[in-house]
There are 2 protein chains.
Amino acid sequence: MSLPHALLTSLLEKSSSGYELARRFERSIGYFWKATHQQIYRELGRMEAQGWIAANSADEAPQSRKKVYRVLDAGRQALRDWAAEPSDPAELREDLMIKLRAEAVIGPLGLEHEVERRHALHRDRLAEYQAIEARDFSHRPLTREDTLRHLILKCGIRLEEAQIAWSVEALVTLRRLGSVTGRGAT
Amino acid sequence: MSLPHALLTSLLEKSSSGYELARRFERSIGYFWKATHQQIYRELGRMEAQGWIAANSADEAPQSRKKVYRVLDAGRQALRDWAAEPSDPAELREDLMIKLRAEAVIGPLGLEHEVERRHALHRDRLAEYQAIEARDFSHRPLTREDTLRHLILKCGIRLEEAQIAWSVEALVTLRRLGSVTGRGAT
DNA sequence: CCAACCATGTAAGCGGTTACATGATTGG
DNA sequence: CCAATCATGTAACCGCTTACATGGTTGG
């Protein structure tokens with residue numbers, strides 16, 4: 001579980017309210033880590049209780065309920081400690097792989113449409129990533145920070161490319177099998 | 001949630017006890033869907049209550065507690081229905097991406113070792129997949145079933161290859177940044 | 001003034017993880 | 001006989017998802 005550390009990182013980039021974090025987790029960070037506002041508020045509460053972050057509610061802007069959190073030294077250190085311990089790669093749980101396996105046992109199930117959908121989806125996502133790349137990382141020289149952020153994006157790009165290539169192959173295979181089953185040795 | 005459907009598929013391939021399913025989910029199916037024996041037993045209980053599967057405990061082999069489940073027509077149909085509805089690709093939640101982002105903000109964190117670890121891990125996994133490929137899918141012609149199973153494996157292979165290529169790139173980048181930070185303009 | 005958005009929260013339920021517990025079977 | 005493995009379960013906890021609820025702020 002590393003949502004708190006994702007939040008710490010995001011807060012270090014910019015002190016924010018829970019609401020702002022929630023919106024940011026639908027965009028940039030959300031590309032590789034999703035979180036709803038409920039998760040975020042709860043986690044912010046815990047982190048505040050733990051002394052990792054602090055809010056400036058009545059402090060400097062008492063006119064609204066908005067609570068802007070900032071990272072304390074303890075939070076900074078917690079993030080450092082967490083980064084130092086090894087973590088395993090994310091496990092994939094792909095529904096589609098189960099469906100393909102089911103197709104092998106009780107097919108045909110008409111999975112072509114599903115694979116087409118995913119092909120389009122990954123193609124769109126790749127285009128989105130490439131647009132970000134052109135917009136944010138095409139100038140030289142890149143700062144240290146931008147180089148690292150670019151690295152993250154490139155991981156996403158490589159994975160989308162792999163998914164697209166596989167989708168194409170899967171589609172060809174499914175169509176070949178489908179046409180064989182459809183007519184065949186009657 | 002598709003654990004029940006993964007179990008249905010596995011049971012269609014071969015009627016089994018919960019224990020046998022648990023072991024299979026550590027191997028072949030486990031490559032893209034993990035499940036512990038507790039999850040499996042609970043889910044089997046629910047599916048039996050729902051009339052998707054049935055056990056032959058006192059039926060033909062009353063000598064042991066072993067319950068071998070088989071899929072009923074209702075279960076077969078439930079699997080078919082589930083396969084027909086669209087499902088989104090798995091969301092990735094990569095700790096390492098957060099760590100890289102943290103590295104950008106409060107680095108250096110010494111992530112080289114972490115990336116090296118993952119490089120080795122993905123390389124090993126790829127080798128494992130390729131061994132399976134050579135053992136099970138190198139003969140021609142492949143049956144319809146084997147063609148589909150091969151397709152699943154090839155998805156895993158492509159993703160591992162992408163991860164390996166990215167790891168190499170990330171390692172080069174991190175070392176370059178590290179050496180610059182280490183000496184630099186002192 | 002009203003709609004849209006900002007902003008924060010509670011509550012219920014489910015899936016997944018870990019720990020604990022029990023007993024039967026099998027092979028050395 | 002004893003250890004390893006087979007085989008099935010209960011219990012507690014935690015994170016995530018969804019639904020519901022509340023009230024402030026801002027702009028047309």
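Residue numbers begin at 1 in each chain, while the letters A, B, ... track the order of the sequences.
The pair Glu26(A)-Lys34(A) does not count as a salt bridge, with every side-chain nitrogen at least 4.0 angstrom from each carboxylate oxygen.
Annotation: proximity of residues 8-29 of chain A to DNA chain D (heavy atom, distance under 4.0 Å) is found for no residue.
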Please tabulate, for side-chain N and O atoms in residues 72-79 of chain A, each donor-acceptor pair with protein atoms closer than 3.5 Å (sequence neighbours left out).
residue	atom	partner	partner atom	Å
Gln77(A)	NE2	Asp81(A)	OD1	3.0

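In summary, the aromatic rings of Tyr129(B) and Tyr31(B) are positioned with their centroids under 6.0 Å apart.
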Inset, instruction - For the pair Ser87(A) and Glu114(B), evaluate side chain to side chain donor-acceptor pair (under 3.5 Å) and give the outcome as yes or no after the intermediate values. - result: CA-CA 8 Å; Ser87(A) 58; Glu114(B) 189 74 354; 3.1 Å; yes
Legend entry - Derivation and outcome, side chain to side chain contact (heavy atoms under 4.5 Å, CB included), residues Trp33(B) and Ser2(B): CA-CA 10 Å; Trp33(B) 204 279; Ser2(B) 31; 3.1 Å; yes
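Between Tyr69(B) atom OH and dG9(D) atom C1' there is a gap of 11 Å when expressed in whole angstrom units. The separation between Glu43(A) atom CD and dC16(D) atom P is 7 Å, rounded to whole Å.
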Each nucleotide N or O in nucleotides 17-19 of chain C that has a protein N or O under 3.5 Å away: list the pair and distance.
residue	atom	partner	partner atom	Å
dT17(C)	OP2	Gln39(B)	OE1	3.2
dA19(C)	N6	Gln38(B)	NE2	2.8

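Distances shorter than 4.0 Å separate some side-chain N or O of Lys67(A) from OP1 or OP2 on dG9(C).
The closest side-chain heavy-atom distance from Arg42(A) to Arg46(A) is below 4.5 Å.
At least one cation-pi condition fails for Arg158(A) and Trp166(B): the charged atom is not both under 6.0 angstrom from the six-membered ring centre and inside a 45 degree cone around its axis. A cation-pi arrangement is found for Lys99(A) relative to Trp82(B), the charged atom lying closer than 6.0 Å to the ring centre and inside a 45° cone about the ring normal.
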